[in-house]
Amino acid sequence: MSQEFQAPRGFHDIFGEDLKKFRHVSDTVRKILKSYNFEEIILPVVEFADLFERSIGEATDIVQKEMFVFEDKKGRRLALRPEGTAGAVRAYIQNRLFAERPYHRIFYEGPMFRHERPQAGRYRQFHQIGAEIFGADQPVADAEIIKISDEIVKALNVKARIEINSLGCKVCRPAYREALVGFLSGVSEKLCDVCKDRKERNPLRVLDCKVETCKEAVKEAPRTTDYLCEECERHYSEVKRLLDSLGVSYVENPHLVRGLDYYTRTVFEVVSEELGSAVIAGGRYDHLVEEFGGPSAPALGFAVGVERLALLVEVPKEEEPVYFLIPFGDVIPYALKVAEVLRAKGKTVELSLRKGNLRKQLDFANRRGFKYVVIVGEDEMKEGVITLKDMETGEQVRIRAEEVE
RNA sequence: GAGGGUGUAGCUCAGCUGGUAGAGCGGGGGACUGUGGAUCCCCAUGUCGCGGGUUCGAGUCCCGUCACCCUCCCCA
């Protein structure tokens, strides 16, 4: 067999066991979100490129080198979405959801695209489930979002720790940034080459660097939390107090900054030690809706990395039994009738297309792991019955299809 | 985008310093046309990722390319 085509780098077919894990993650997350009454919205995969450029930030890596950008026939710059929040904000404004009621909880699920080098748990097309709350400035909303993340990893039985931080707001962030830049120029020689560059472009990210010398250099750096204005401080304390009362365990990471420009105040990540990366992450973005021409609507949200979680989960085995129907001899029309009767009773029935004698058929059924086999031969047809065999016990009975329980 | 590794049958992998393809598992057929998990026999596993070069001769050496894995950058 010579093969002409393969999927492009970073694009994957998801099937078999992987798909079972994928669905398990997705179903679990959706169930939890629905229990909080989040409403689903299906968002387009393509948006105008500048939607992402202006929300995520021109200087970020996602925008600078990871976006799939292309032109339509009229020369407009479109992009495959690299994340979901920007599109959700656009939809919130465009559909005037803010006019319906003071706040909104929505969620969406689907593929995201980033043009980067694939690695374990990282693909060019990957899937996220994102949830957003629009029109809420209360700390309880932050606590709720983080609590949901905690519920998700617990429900999936995944080991992960929650890290939180506060980045401050329009009022306190500039002062902090200035202090940080000042500090960084002082330790400039100790920083790695990447960080020397980052210091100018995106100074907050230096705090996040994994190079040992940088970690060391940055130990005494000013912390975002030391520069919070009174309101941000109060907000952050309240979020923590609520998390404590909910029994959600977390660690404060003053160096957690996140890579997207739109974040304000609370940011958080749910980090898997095993993967060494975040499986859920999010935060507050209080000005984005307004910046995009909507009303003043403080908002927050998070995104769940479905593939990353799928790498970490075990799928519970509780599949419904499948009836494997073996027609034997010249009985196809009768066999089809039998299948119809069983399906009408809610059973899952697979008609065997395997050729060969009964022994082969049973051998095949055994290897496929079917719980039940239904044998329909000429004898059965004559009497209007079926032979139902339990493959685990080996017991079998001759009954009418209508009598199957 | 940078660095390293890998690519041989459906899967897991052998194949020594160049001499024209192997094993196990899996698959198909049979022993055995109405009763599975066992055993035995037989069969096919294939453009050795793809393209070029060196050579009398390339799975093996060289170059390019594509994909995957790992590290970095960054992120879910």
Side-chain angles (χ1 to χ4, degrees), chain A residues 1-12 16 25 29 56 59-67 82-85 109-130 149 152 160 192-195 197-198 201-202 205 208-211 257-260 269-272 275-282 301-312 324 326-331 354-370 372-381 387-396 398:
Chain A
M1 188 173 22
S2 77
Q3 180 179 315
E4 192 173 355
F5 292 112
Q6 51 184 325
R9 165 179 289 188
F11 291 80
H12 291 267
V25 171
V29 174
I56 298 168
T60 60
D61 278 31
I62 293 182
V63 163
Q64 280 196 339
K65 50 187 207 191
E66 293 177 4
M67 273 216 294
E83 58 104 44
T85 298
E109 173 171 18
M112 305 294 162
F113 303 86
R114 291 184 199 171
H115 191 117
E116 56 189 342
R117 185 88 74 166
Q119 245 170 273
R122 165 190 283 182
Y123 312 94
R124 287 185 175 180
Q125 176 178 336
F126 60 102
H127 297 77
Q128 288 187 341
I129 303 178
S149 304
I152 290 170
C192 69
D193 290 348
V194 185
C195 278
D197 177 50
R198 208 147 37 187
R201 250 180 48 225
N202 202 349
R205 291 232 62 99
D208 220 18
C209 187
K210 286 162 193 84
V211 177
V257 297
R258 312 281 309 133
L260 295 75
E269 282 187 359
V270 182
V271 182
S272 154
L275 240 47
S277 61
V279 290
I280 303 175
F302 68 83
V304 178
V306 180
E307 283 92 345
R308 284 194 181 173
L309 280 170
L311 284 173
L312 302 171
F324 187 62
I326 302 173
F328 201 72
D330 189 16
V331 298
R354 176 72 160 88
K355 295 165 186 168
N357 60 33
L358 231 205
R359 182 182 292 268
K360 289 267 189 232
Q361 297 271 9
L362 286 167
D363 184 52
F364 183 68
N366 187 49
R367 286 199 318 274
R368 291 275 306 275
F370 292 112
Y372 296 111
V373 158
V374 175
I375 302 167
V376 172
E378 288 169 3
D379 298 349
E380 282 86 352
M381 184 170 68
T387 295
L388 176 64
K389 185 179 178 77
D390 183 323
M391 291 298 278
E392 283 158 20
T393 64
E395 286 166 15
Q396 61 183 56
R398 288 191 136 208

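Only this structure's heavy atoms are used, side chains among them; waters, hydrogens and symmetry mates stay out. A, B, ... follow the sequence lines: proteins, then strands. Residue 1 opens every chain.
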Quiz item: Pick the nucleotide of RNA chain B nearest each of A/E307 and A/K65; which residue has the one closer to the 5' end?
Solution: A/K65
Quiz item: Between B/rA76 atom P and A/E269 atom CD, what is the distance in whole Å?
Solution: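 Going from CD in A/E269 over to P in B/rA76 covers 7 Å.
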Quiz item: Pick the nucleotide of RNA chain B nearest each of A/R367 and A/A278; which residue has the one closer to the 5' end?
Solution: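 Whichever sits nearer the 5' end wins; that is A/R367.
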Self-check item: Watson-Crick or G-U wobble partner of B/rU6, both distances under 3.5 Å
Solution: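 Its partner is B/rA67 (Watson-Crick or G-U wobble, both distances under 3.5 Å).
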Quiz item: When you compare B/rU65 with B/rC25, how far apart are their P atoms, in angstrom units rounded to a whole number?
Solution: 41 Å
Quiz item: How far does the C1' atom of B/rG46 sit from the matching atom of B/rG59, given to the nearest Å?
Solution: 11 Å
Self-check item: Inter-nucleotide P distance (B/rU6, B/rC13), Å rounded
Solution: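 Taking atom P in both B/rU6 and B/rC13, they lie 14 Å apart.
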Exercise. If B/rC13 has a Watson-Crick or G-U wobble mate with both distances under 3.5 Å, name it; if not, just say none.
Key: B/rG22
Practice problem: Sticking with atom C1', work out how far B/rA44 lies from B/rA23, rounded to a whole angstrom. | Solution: 16 Å
Quiz item: Just by distance, with hydrogens left out, do A/E307 and A/H127 show a side-chain donor and acceptor under 3.5 Å apart?
Solution: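 Yes, side-chain donor-acceptor contact under 3.5 Å.
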Quiz item: Taking atom C1' in both B/rA14 and B/rA76, what distance in whole Å separates the two?
Solution: 40 Å
Exercise. Assign a letter to each nucleotide of nucleotides 32-44 of chain B from its 5' end: B, base within under 4.0 Å of a protein heavy atom; S, sugar-phosphate only; -, no contact.
Key: BSBBBB-------
Self-check item: Whether A/F324 and A/F364 hold their rings parallel, tilted or perpendicular, with breakpoints at 30° and 60°
Solution: tilted
Quiz prompt | CD-CZ distance between A/E83 and A/F126, expressed to the nearest 0.5 angstrom | solution = 9.0 Å
Quiz item: Between atom NE2 of A/H115 and atom CZ of A/R124, what is the distance when rounded to the nearest 0.5 Å?
Solution: 3.5 Å
Quiz item: Distance between the P atoms of B/rG30 and B/rU71, in whole angstroms?
Solution: 49 Å
Quiz item: Has the side chain of A/E116 got a donor or acceptor that lies under 3.5 Å from a partner of the other kind on the base of B/rA76?
Solution: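 Present.
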Self-check item: Any strand: nucleotide that pairs with B/rC72 via Watson-Crick or wobble, under 3.5 Å
Solution: B/rG1
Practice problem: Could you tell me whether the side chain of A/V29 reaches within less than 4.5 Å of the side chain of A/E109, counting heavy atoms only? | Solution: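 No. Closest side-chain heavy atoms not under 4.5 Å.
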Self-check item: Note, A/I56 side chain near A/M67 side chain (heavy atom, < 4.5 Å)
Solution: no
Quiz item: With a 4.0 Å cut-off on heavy atoms, is A/A365 in touch with a base, just the backbone sugar-phosphate, or nothing at all?
Solution: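 Nothing, no nucleic acid heavy atom in range.
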Quiz item: So which pairs with a foot in residues 359-369 of chain A pass salt bridge (Lys or Arg N to Asp or Glu O under 4.0 Å), sequence neighbours left out?
Solution: A/E350-A/R368, A/D363-A/R367
Quiz item: With both distances kept under 3.5 Å, what pairs with B/rU47, Watson-Crick or G-U wobble?
Solution: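 Matched B/rU47 with nothing under the 3.5 Å cut-off.
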Quiz item: If we take the C1' atom in both B/rC40 and B/rG7, what is their distance in whole Å?
Solution: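 Per the computed distance, 37 Å lies between those C1' atoms.
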Quiz item: Who is the Watson-Crick or G-U wobble partner of B/rU60, with both distances under 3.5 Å?
Solution: none
Self-check item: A/E392 CD to A/Y372 OH distance, which is reported to the nearest 0.5 Å
Solution: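 Those atoms lie 7.5 Å apart.
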Quiz item: Which base, if any, makes a Watson-Crick or G-U wobble pair with B/rU33, both distances under 3.5 Å?
Solution: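 Base-paired to nothing in any strand shown.
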Quiz item: Checking all strands, does A/G130 fall into the base, sugar-phosphate, or nothing category for heavy-atom contacts under 4.0 angstrom?
Solution: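 The residue A/G130 makes no contact with any strand.
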Quiz item: Between A/L311 (CG) and B/rC70 (C1'), how many Å, whole number?
Solution: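 Going from CG in A/L311 over to C1' in B/rC70 covers 15 Å.
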Quiz item: What does nucleotides 63-69 of chain B look like as a protein-contact string, B for base, S for sugar-phosphate only, - for none, at under 4.0 angstrom between heavy atoms?
Solution: ---SSSS
Practice problem: Taking only the side-chain nitrogens and oxygens of A/R354, find out if one of them lies under 4.0 Å from OP1 or OP2 of B/rG28. | Solution: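 Yes, within the criterion.
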Practice problem: Rounded to whole angstrom, note down the P distance from B/rG37 over to B/rG5. | Solution: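 It works out to 49 Å between them.
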Quiz item: Pick from A/V373, A/V331, A/T387: which one makes a side-chain contact (heavy atoms from CB on, under 4.5 Å) with A/I326?
Solution: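 Among the candidates, only A/V373 passes.
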Quiz item: What distance separates A/Y123 OH from A/R308 CZ, expressed to the nearest 0.5 Å?
Solution: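 It is 9.0 Å, given to the nearest 0.5 Å.
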Quiz item: Measuring from A/M391:CE to A/N366:CG, what's the distance to the nearest 0.5 Å?
Solution: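 If we round to the nearest 0.5 Å, A/M391:CE and A/N366:CG are 4.5 Å apart.
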